[in-house]
Number of protein chains: 2
Amino acid sequence: MNEPTARRRDVTVADVAREAKVAKATAARSLGGYGAVSDDVRQRVQAAAEALGYHANGLARSMNTGRSNTIGVIVGDIENPYFGLAMRGITDTAKAAGYDVILANTGEQLDAEIDAARVFVEKRVDGFIVAPASFTLTDHLSDIMHSGRPLVLLDRHVANLDDVDVIEVDNEKVAHAAAQHLIDRGHERIAFITTLELGSNPYQAGDELGVSSVSARVNGILAAMNTAGVDNSERYLRFGANSGSGVKGVTRELMQLEEPPTAIIASDSLIAMGVLGELRELGLTVPDDVSFIMFDDFEWATLISPALTVIAQPVYEVGVAAATRLIARIEGRVTGEPIQVFPAALVHRKSVAPPRVVGRDDA
Amino acid sequence: MNEPTARRRDVTVADVAREAKVAKATAARSLGGYGAVSDDVRQRVQAAAEALGYHANGLARSMNTGRSNTIGVIVGDIENPYFGLAMRGITDTAKAAGYDVILANTGEQLDAEIDAARVFVEKRVDGFIVAPASFTLTDHLSDIMHSGRPLVLLDRHVANLDDVDVIEVDNEKVAHAAAQHLIDRGHERIAFITTLELGSNPYQAGDELGVSSVSARVNGILAAMNTAGVDNSERYLRFGANSGSGVKGVTRELMQLEEPPTAIIASDSLIAMGVLGELRELGLTVPDDVSFIMFDDFEWATLISPALTVIAQPVYEVGVAAATRLIARIEGRVTGEPIQVFPAALVHRKSVAPPRVVGRDDA
DNA sequence: TTGTAAGCGTTATCAC
DNA sequence: GTGATAACGCTTACAA
């Protein structure tokens, strides 16, 4: 610990230049690694910088270059392992390309998202990755695009925003497959639980807070039900179940209906834990009393008994793709289609069985 | 979408001032909300700013004020739900106090941590929260402190860094309790598995990459074993088991020993999943064939059968405390003790039982 | 209250 | 190659 204790004012290029007895511009060229500098000067400057404990001021640098080498990421809930894993995909990719990451957590609140977008613009991030909280209220997103900063949407797309990059999975298709799987086992009363709100959809009027991934899943489920000739199937859809007690309350309410669902699809792993916990609380077992499918696949899903039938998404890859795409945009390289849809897969395990009482026409 | 499409150069205070027909400084005062401005001018400036689509340049602002309203967070693995939850505590607290958060993920690699520290200093963050990857290699951390920026250590402390703030849990105590619990059930062969390396400890020579939380846990376990008269107990300690197949390999190796452990303690939930998965693979059941305890408590631990006996840490609160403490330092308010130790609790569930063959002296 | 002018620490431009 | 000097967009004296 011999370094000179740098106090008060930071050491600047001017200080280094003086110490190395060269002009400020020369020192700057050497330190910044641009322009041409003689070996002799380079060494003197290097020595002076080290002696003084020089640290470049990134703010000043960014101010002239106009680039901050930073990307802003705005997600709904970093506690959700889905976003944790996607975030690792993003940070891994960003770091490899020389970018830093600023993170904002919105709690899926639109105003927090708007706020974060403004702050990030003020911080002059080079680009944005956003998992938008609303399908329709996207003025702040179009502001971002108008500001000339690249924007990549993660996990969800929005209405009325042309040519925006989107990285998402084929929610409708896989949700349809999941519902079909349940229908094939004889289920007609299938519940779907999410903490988010329903997006633009024929089945709801005020859709201001909706999210596309949710409406896609709902559409997939309802389409399958419809084809199977089941009607009034939307009665088991539950939105806005905030994590924790909210999910448990919704689960209880559902299972106490006169005609409770015979199968439940949970929209993410956090919800799944709440649902499964409450089912156990209610003395109900999976899949004997109720079948169960969850979105996302983490190893604990295979450790539970019964092992959970899940919808596996390439989460890390989605993060990587979002960051890759964003950085390509930032650096002026446009690659591939703006909308990139990853497949998700229904992984059959043991949490789905024919319903208890009716319709035991096993396929 | 009527906003004028701001192109090329950003709108500056000068532009707004010209539009509002006032001096640059006046417009700046009004926009920045400092100094005194007449209502008349305030309105004209406001109107001009909106018309032009002005967005403050935070970089320029930070450059004069010397403050960026940003805190840098450096963690080992954001994918680990522990850090995900702690991160939420940090971001929630930071946002409430008007701070943004920059995140760096090191993969527990020291060089990545050093790099991140340098970059964050260059970005002029107001303070640091770091979960250090090494107990002893901390020059970059003392550099941070010498630069005059507050630093709070999260989850782990380090050697040779005086007066640094630390927020951690009482790992040694709770690890001792966990081991004692196993010993009371008759276990003498207790394994401990972590992805990290062992910190400064009498039981290892080269401790450069060690982490204090790990050595504290090891010390707690070995102390309990020692008191119980068990020797050579360190033979079941496993460090540096990288997540995924690494953990599984270590688990297999342990269970294939001539004298395999009769109990396993996993150092976090990610490791626990790997261990439990491999145990099942090996056809071993918990707790009949081997007892099991994991650090961290997430709801899936209660959904598994048997429900997992765990060591519950106040993770979110640790994040909140770290951010709170850091912000207090940044703002010149020094509150409480530099080292804050939170309690952790052993939560008894069903994954611990007496060992199969020997020592069935149940307490 | 408002205006003028001088910084903040870089990079960029243009001579030499 | 190297050295002056002007930006970058804001805040902060200091006057008026």
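Every chain is numbered from 1 and lettered A, B, ... according to where its sequence line falls, protein lines coming before strand lines.
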Tell me which nucleotide among [options] gets nearest to the side chain of [X].
X        : options                  : value
Ala25(B) : dT12(D), dC10(D), dG3(D) : dT12(D)
Val22(A) : dT5(D), dT4(C), dG3(D)   : dG3(D)
Ser38(B) : dT10(C), dA4(D), dT1(C)  : dT1(C)
Arg61(A) : dT10(C), dC10(D), dT2(D) : dT10(C)
Thr12(B) : dG9(C), dT2(C), dG9(D)   : dG9(D)
Ala23(A) : dT2(D), dT10(C), dG3(D)  : dG3(D)

Find the distance [X]:[atom1] to [N]:[atom2] and express it as a whole number of Å.
X        : N       : atom1 : atom2 : result
Lys24(A) : dT10(C) : NZ    : P     : 9 Å
Asn57(B) : dA7(D)  : CG    : P     : 18 Å
Met63(A) : dG7(C)  : CE    : P     : 16 Å
Asn69(B) : dC10(D) : CG    : P     : 16 Å
Leu59(B) : dG9(D)  : CG    : P     : 11 Å

Assert: residue with more 5' nearest nucleotide on DNA chain D, out of Lys21(A) and Arg29(B), is Lys21(A)

Should [X] be listed as having a side-chain N or O under 4.0 Å from OP1 or OP2 of [N]?
X        : N       : value
Tyr54(A) : dT10(C) : yes
Thr65(A) : dC8(D)  : no
Thr26(A) : dG3(D)  : yes
Tyr34(B) : dT11(D) : yes

If you find the nucleotide of DNA chain C closest to Asp40(B) and the one closest to Arg124(B), which residue's nucleotide is nearer the 5' end?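 So the residue in question is Asp40(B).
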
Please tell me whether Arg67(A) and Thr65(A) have a donor and an acceptor in their side chains that are separated by less than 3.5 angstrom.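 No, no side-chain donor-acceptor contact under 3.5 Å.
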
